[in-house]
Structure formats: C-alpha cells, structure tokens
Student: 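I have a structure here, written as structure tokens, and I will follow up with some questions on it.
In what follows, chains are A, B, ... by sequence order, proteins preceding strands, each numbered from 1.
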Amino acid sequence: MLDLKHIRNDPDAVRKAIADKGEKADLERLLSLDEELRALIVEADELKQDRNVSSERIAEMKKKGEDASELISQMRDVSARIKAFDERMAGLRDEIEALALTVPNIPHPSVPVGKDEDDNVLVREWGEPEEPCASPRPHWEIGEELGILNLPAATKIAGSGFICFVGLGALLERALIRFMLDVHTKEHGYTEVSTPFLSNRDAMTGTGQLPKLEEDMYRTSDDDLFLIPTAEVPITNIHREEILDGGRLPVRYVGYSPCFRREAGSYGKDTRGLIRVHQFDKVEMVKFVEPETSYDELESLTANAEDILQRLGIPYRVKTLCTGDLSFAAAKCYDIDAWAPGVGAWLEVSSCSNFEDFQARRSGIRYRPEDGGKPGFVHTLNGSGLALPRTLIAVVENYQTPDGRVRIPEALRPYMDGLAEIA
RNA sequence: GGAGAGGUGACUGAGUGGUCGAAGGUGCGCGACUGGAAAUCGCGUGUACGUGAUGAGCGUACCGAGGGUUCGAAUCCCUCCCUCUCCGCCA
C-alpha cells in the first residue's frame with residue numbers, strides 16, 4: 001500500500017506506475033473519496049469537541065446540583081449527528097482502504113519500462129549453458145528411469161501437478177534444502193525460521209497476495225486460512241504490527257516451506273515434469289532493513305541466491321524485470337534463471353525483490369531509528385534461495401551422463417551420504 | 001470441544017460511568033549534585049489521523065477487536081479473537 005499522502009501529493013507518479021505495470025486501479029475515485037472523507041473529519045471533529053466540552057460541563061453542573069437537562073437533550077442531538085457522521089466516514093474509510101489496496105507499488109527509477117517478459121533486461125550470465133551429452137534428456141525421463149520420481153503416484157494422490165520423489169530422489173530434495181539453509185545461515189548471516197504453512201487473511205493482505213491473487217491460492221473454507229504460496233508470507237508477517245528497535249536492523253531470516261499454488265490461468269503451460277506444479281518446496285530469504293540501505297540489500301540478496309547456483313555449478317542468468325512483468329507489490333525485482341539442457345530452457349529458480357515500504361505499510365512493520373527519531377516503515381525484501389523442483393531439474397539435467405546416470409555436485413555430496421552419483 | 005480466569009502504555013501495575021491518554025513503580029532521555037560514578041533530586045518520555053507550511057500549536061481517536069446502552073464508557077451489556085489453568089481428545 002502506498003502512503004495516501006503520497007498519492008495525494010503526486011498522483012501523476014501513481015498513475016504512471018499503474019499504467020506501466022499494466023494494473024487497474026481507480027485512482028480518481030480514491031482521490032475524490034479521500035477529499036470527501038477529510039472534509040467530513042473536520043466537521044465531525046468539531047462536533048466531537050463540542051460533545052467533550054459539554055460532557056464536562058454536565059458533570060460540573062450535576063456536581064453542583066444544577067439542572068443539566070436542557071444541555072443533555074441538546075447533546076443527545078449532537079451525539080446523533082456524530083453517529084451519522086461516523087457511519088458515513090466508516091463507509092468511506094472501508095471503500096478507500098479497499099481501493100488503496102488495489103494500487104500497485106511504484107517501480108524504482110532504475111526499472112526498465114516494458115510490456116511483458118520480452119522487455120526484461122539481461123544483467124549478467126554465469127557459466128556456459130552446455131550440453132552435458134549429445135542428446136540431453138528431460139528430467140522426467142531420467143527420473144523415472146532411475147526410479148527417483150513417481151509422478152503417476154502423485155497424480156493418484158492429489159491430481160496432476162504434484163510431485164512424488166522416491167528413494168535417492170527424495171534424499172536429493174532434502175539434501176538441497178539442507179545445503180541451501182546451511183549456506184544462508186552459516187555464511188550469509190540469515191537466521192533460520194520455521195513457520196506455519198497456513199496463514200490468515202490479514203497476513204496474506206499484508207504481503208500483497210490479497211486481495212488480488214485470491215484465485216491463485218488454496219483456501220480452507222471452514223477456518224478461512226490459506227495454504228501459503230510462498231514462505232514470504234509467514235516470514236514477513238513475523239513482525240506485523242511491530243515497531244522494531246532500529247539497532248536490530250537489518251533482520252535477515254531464511255526458512256524452508258512447501259508452497260501451494262493453484263496456478264489458475266496457466267493451464268496447458270509447462271504441463272510435463274516438475275516445471276510448474278501446485279505444490280513445491282522452497283527456501284526463502286526475507287530481510288527487514290532501513291530504507292537507506294534497501295537497494296544495497298537487494299544486490300546482496302540476489303548475490304546470496306546466485307551463490308547457491310555457483311556452488312552447484314549450474315549456469316544461470318540474471319534479469320531485471322521490466323515494469324510490465326514486475327509484480328504488484330515489488331518496486332524492483334531480479335529473476336534468476338537456471339539453465340536446464342534436458343528441456344532446453346531457462347527456468348526461473350529465484351525472484352529477488354525489494355518492496356520498499358509497500359508491504360511494511362500494509363503490515364504495520366516499523367522501526368525506531370537509533371537516533372531516537374519518529375518510527376518509520378522498514379523496507380522489506382525477499383528472494384528465493386532457491387525454488388527446489390526447478391533447481392533439482394537443473395541438477396539432474398546438467399549432471400546427467402550419456403549412459404543415464406546422474407552425478408552429484410561436489411557441494412551436495414556431504415548431504416547425500418558422500419554419494420557421487422545416482423545410477 | 002467443556003469449565004474457569006484474564007487481556008490497560010517499552011515493562012510492571014492501579015483504575016467498576018464524568019475531573020482518565022490513563023495514578024504509582026521500573027526502564028529510558030535531559031538536567032542538577034559529583035573529581036568521576038553510584039545513590040538522590042527535578043523535568044520529560046505513546047501512536048495514528050485531521051488542521052496548519054511535511055514548523056509551533058490546536059483538535060479527534062485509540063486501555064485485545066467489533067457492535068450496543070448513555071449527554072458522557074478503560075469502566076455497563078452483546079459478539080468475536082487471543083493467553084493461562086483444569087477436563088476431554090490427539091501426533
């Protein structure tokens with residue numbers, strides 16, 4: 001959510017952001033309702049002041065034994081008017097709040113303006129996207145043949161778009177999770193957290209998934225809880241409605257979680273294998289930082305995610321998302337794509353975003369500066385570090401051998417009981 | 001799920017209809033005292049919104065959340081949420 005004062009002061013910047021991001025938000029209505037509300041507040045506050053002063057007088061009169069009935073009946077009328085004002089204002093506030101929640105974050109000036117993913121800008125590449133063998137095979141073939149993947153079983157259990165790892169496949173998944181968590185906690189300075197995998201509406205609204213993306217989420221109808229689409233939701237909400245001590249910043253968390261996504265509207269895309277599924281594991285990094293440092297923190301966050309791929313020896317590229325591809329809540333975002341030779345594609349394994357104070361304002365996450373100044377909103381960032389199935393695809397496809405084995409990257413071997421290959 | 005107790009400011013803890021944004025204490029900040037410190041004393045110490053010049057000031061709201069009663073609610077009534085204790089159930 002943006003600061004209403006900011007929207008009021010610079011509506012053109014907000015209009016441009018809405019257009020550049022390809023979002024829809026009724027800014028004009030928001031502005032006019034805001035103006036209407038402020039006028040009502042002035043009137044209502046005057047009446048309330050009258051009520052407060054008169055109530056005090058009534059108390060005094062009664063104490064002295066004077067007759068206050070005339071003033072009381074006067075105030076009865078004032079109170080009724082106040083009530084009417086309050087109701088109108090509450091209605092306006094609800095509508096303003098609902099509208100404000102649909103206004104997207106404003107892209108950072110360094111973000112290229114563009115329509116869709118074709119306008120994203122390549123920042124850097126690492127490694128050589130090579131063919132590990134003459135005709136590299138896709139992960140689903142390799143996985144099935146080695147008996148580490150049983151997709152028909154997952155379909156029996158939950159339907160298409162779910163995964164069932166078996167034996168060394170399951171171990172590989174677990175090894176990747178532990179490897180990533182270890183690197184981020186021991187070398188990158190993150191504190192590991194393990195959070196609920198369901199979250200309520202407030203938490204979902206705080207990080208910006210709601211109200212826009214309700215259709216994309218699994219919801220439990222009896223309790224109105226949502227299966228989290230990313231650990232960003234629970235981890236960011238750890239500090240909802242708090243004022244953090246400025247000396248504590250930056251706060252860096254990393255957590256593993258499964259992620260649940262209905263992928264509504266993406267039917268027919270990437271239907272084979274593990275590329276696009278309804279449930280996947282992910283290690284997620286989240287930072288709470290002072291506003292001045294958030295763009296530096298975005299660079300280091302991205303570097304932390306890249307480090308995982310480098311240690312795994314997987315070629316990747318980093319892109320800056322253009323305005324049209326930038327998510328609703330983000331001000332700037334880098335996507336990291338890993339090379340997958342079997343499917344012959346770059347797979348997005350991480351999205352590293354700076355939300356500036358957009359999520360913090362929705363979630364009420366503030367900090368008190370060390371110099372004792374007024375509390376301000378923190379900047380929040382998050383990035384995958386990394387998404388598991390696609391990383392696993394990259395490992396399996398890059399490390400496949402011509403005779404159908406899969407070598408284990410050196411960095412993972414300690415987590416695979418020293419195993420050098422799956423055969 | 002059942003029974004009971006309770007949710008007040010950074011913390012602790014008063015407050016059962018008006019003088020309460022809220023006593024007292026702790027903590028924190030500034031000052032005095034001191035060679036320096038401790039102790040002691042004095043002053044100060046919430047957030048949001050509106051108004052105003054994004055100042056001073058003024059106003060309004062906030063005592064778990066939302067409704068209600070009343071001229072007036074932290075205080076009374078209703079609903080919900082959360083915490084604690086006991087019982088039941090359960091990994």
Side-chain angles (χ1 to χ4, degrees), chain A residues 1-11 13-14 30-101 194-206 220 222-226 234 237-249 251 291 357 360-378:
Chain A
M1 182 157 56
L2 299 173
D3 188 356
L4 265 177
K5 282 181 204 157
H6 182 235
I7 298 178
R8 219 181 274 152
N9 291 341
D10 195 0
V14 182
L30 178 59
L31 287 167
S32 83
L33 290 178
D34 173 58
E35 201 176 329
E36 192 182 335
L37 174 64
R38 279 182 295 143
L40 288 179
I41 287 173
V42 171
E43 272 191 83
D45 277 4
E46 275 172 25
L47 287 174
K48 286 176 183 176
Q49 184 180 8
D50 181 18
R51 179 177 68 184
N52 288 343
V53 170
S54 297
S55 289
E56 226 167 293
R57 270 194 62 204
I58 290 168
E60 275 171 39
M61 289 170 81
K62 286 200 163 185
K63 213 177 199 175
K64 289 184 195 158
E66 295 171 22
D67 177 23
S69 55
E70 193 183 327
L71 188 54
I72 287 175
S73 76
Q74 235 175 14
M75 282 306 106
R76 196 169 289 152
D77 181 53
V78 169
S79 272
R81 290 177 61 201
I82 289 173
K83 194 175 173 184
F85 267 106
D86 279 345
E87 275 165 17
R88 276 180 70 195
M89 292 194 297
L92 275 176
R93 285 199 164 98
D94 285 349
E95 201 176 341
I96 288 169
E97 166 92 2
L99 279 172
L101 286 175
S194 177
T195 66
F197 300 150
L198 283 93
S199 98
N200 59 31
R201 233 166 234 287
D202 286 345
M204 285 288 176
T205 305
T220 67
D222 283 349
D223 301 293
D224 203 30
L225 291 172
F226 296 85
N237 276 283
I238 285 174
H239 294 300
R240 182 153 50 97
E241 302 299 335
E242 285 184 20
I243 299 177
L244 300 170
D245 187 356
R248 275 184 71 187
L249 301 178
V251 173
D357 64 6
R361 179 169 282 109
R362 286 176 163 235
S363 310
I365 307 170
R366 293 177 289 171
Y367 75 105
R368 191 178 298 281
E370 280 194 278
D371 63 15
K374 286 229 158 208
F377 290 105
V378 300

Student: Expressed as a whole number of Å, how far does the P atom of B:A22 sit from that of B:U45?
Tutor: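 Those two atoms are separated by 10 Å.
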
Student: If every non-hydrogen atom of A:P369 is compared with every non-hydrogen atom of A:P375, which pair is closest and at what distance?
Tutor: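 Heavy atoms only, the tightest pair is CD-CA, 4.2 Å.
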
Student: Assign A:S54 to base, sugar-phosphate, or nothing according to its heavy-atom contacts below 4.0 angstrom with the strands shown.
Tutor: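 No contact.
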
Student: Tell me what A:K62 touches on the nucleic acid: a base, only sugar-phosphate, or nothing, going by heavy atoms under 4.0 Å.
Tutor: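 Base: the residue A:K62, judged by heavy atoms under 4.0 Å, touches a nucleobase.
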
Student: Need the pair for B:U54. Rule: Watson-Crick or G-U wobble, both distances under 3.5 Å, any strand; none if unpaired.
Tutor: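 Base partner found: none.
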
Student: Can you check the distance between B:C28 and B:U85, where both ends of the measurement are the C1' atom (answer in whole Å)?
Tutor: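 Between the two C1' atoms, the distance is 35 Å.
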
Student: Once you apply the 3.5 Å cut-off to both distances, tell me the Watson-Crick or G-U wobble partner of B:A61, or none.
Tutor: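 Answer to the pairing question: B:U47, which forms a Watson-Crick or G-U pair with B:A61.
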
Student: Indicate yes or no for a side-chain donor-acceptor contact from A:R362 to the backbone of A:L101 under 3.5 Å, with no hydrogens or angles considered.
Tutor: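 Such a contact is found between A:R362 side chain and A:L101 backbone.
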
Student: With both distances under 3.5 Å as the test, what is the Watson-Crick or G-U wobble partner of B:G42?
Tutor: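 B:C30 is the nucleotide pairing with B:G42.
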
Student: Just to be sure I understand the rule, does A:R8 reach a base, reach only the sugar-phosphate, or reach nothing, if contact means heavy atoms closer than 4.0 Å?
Tutor: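 Sugar-phosphate, backbone atoms only, no base.
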
Student: May I ask you to decide whether A:D34 forms a salt bridge with A:R38, counting only side-chain N to carboxylate O separations under 4.0 Å?
Tutor: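 Judged by the 4.0 Å cut-off on N to carboxylate O distance, A:D34 and A:R38 do form a salt bridge.
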
Student: Quote, to the nearest angstrom, the C1' distance that separates B:G13 from B:G6.
Tutor: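 Their C1' atoms lie roughly 15 Å apart.
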
Student: Walk along RNA chain B from 5' to 3' and tell me the first and last nucleotide with an atom closer than 4.0 Å to a non-hydrogen atom of chain A.
Tutor: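 Range of nucleotides within reach of chain A: B:G18 to B:G72.
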
Student: Between A:Q49 and A:L71, just flag the one whose closest nucleotide in RNA chain B comes earlier from the 5' side.
Tutor: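 Comparing both residues, the 5'-ward one is A:Q49.
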
Student: Mind checking the C1' distance from B:C90 to B:C77? Whole angstroms is fine.
Tutor: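 Comparing C1' positions in B:C90 and B:C77 gives a spacing of 38 Å.
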
Student: Shortest non-hydrogen contact from A:N237 to A:D202?
Tutor: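 Shortest heavy-atom separation between A:N237 and A:D202 comes out as OD1-O, 4.5 Å.
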
Student: Taking B:C63 as the reference, what is the distance to B:A5 when you measure between their P atoms (whole Å, please)?
Tutor: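 So the two P atoms sit 23 Å from each other.
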
Student: Using Watson-Crick or G-U wobble geometry with both distances under 3.5 Å, which nucleotide pairs with B:G17?
Tutor: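 B:G17 is paired with nothing.
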
Student: So does A:R88 have more than 12 non-hydrogen atoms from other groups sitting under 6.0 Å from CZ?
Tutor: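 No - once you tally the heavy atoms of other residues, nucleotides and ligands closer than 6.0 Å, there are 12 at most.
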
Student: Take atom P in B:G7 and the same atom in B:C76, then report the distance between them in whole Å.
Tutor: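 The answer is 11 Å between these two P atoms.
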
Student: Classify the nucleic acid contact of A:N52 as base, sugar-phosphate or nothing, counting any heavy atom under 4.0 Å across all strands shown.
Tutor: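 Touches sugar-phosphate only.
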
Student: Which atom names give the shortest non-hydrogen contact between A:R361 and A:F377, and what distance separates them?
Tutor: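 The pair with the smallest heavy-atom distance is CA-CE2, 3.6 Å.
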
Student: Relative to the 5' end of RNA chain B, which residue comes earlier, A:A90 or A:E46, by the nucleotide with the nearest heavy atom?
Tutor: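 Nearest-nucleotide comparison on RNA chain B picks A:E46.
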
Student: Work out which heavy atom in A:L30 is nearest to a heavy atom in A:I7; give both atom names and the distance.
Tutor: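 The pair with the smallest heavy-atom distance is CD2-CD1, 4.0 Å.
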
Student: Please report the distance separating the P of B:G44 from the corresponding atom of B:C49, rounded so that it comes out in whole Å.
Tutor: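 To the nearest whole Å, 26 Å.
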
Student: Rounding to the closest angstrom, what is the interatomic distance between B:G21 and B:G59 at atom C1'?
Tutor: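 The same atom, C1', in both gives a distance of 14 Å.
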
Student: Please indicate whether A:E35 has more than 12 foreign heavy atoms, meaning atoms of other residues, nucleotides or ligands, lying under 6.0 Å from its CD.
Tutor: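 Result for CD/A:E35: open.
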
Student: Does B:A3 pair with anything, Watson-Crick or G-U wobble, both distances under 3.5 Å, and if so, with which nucleotide?
Tutor: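 With both distances under 3.5 Å, B:A3 matches B:U85.
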
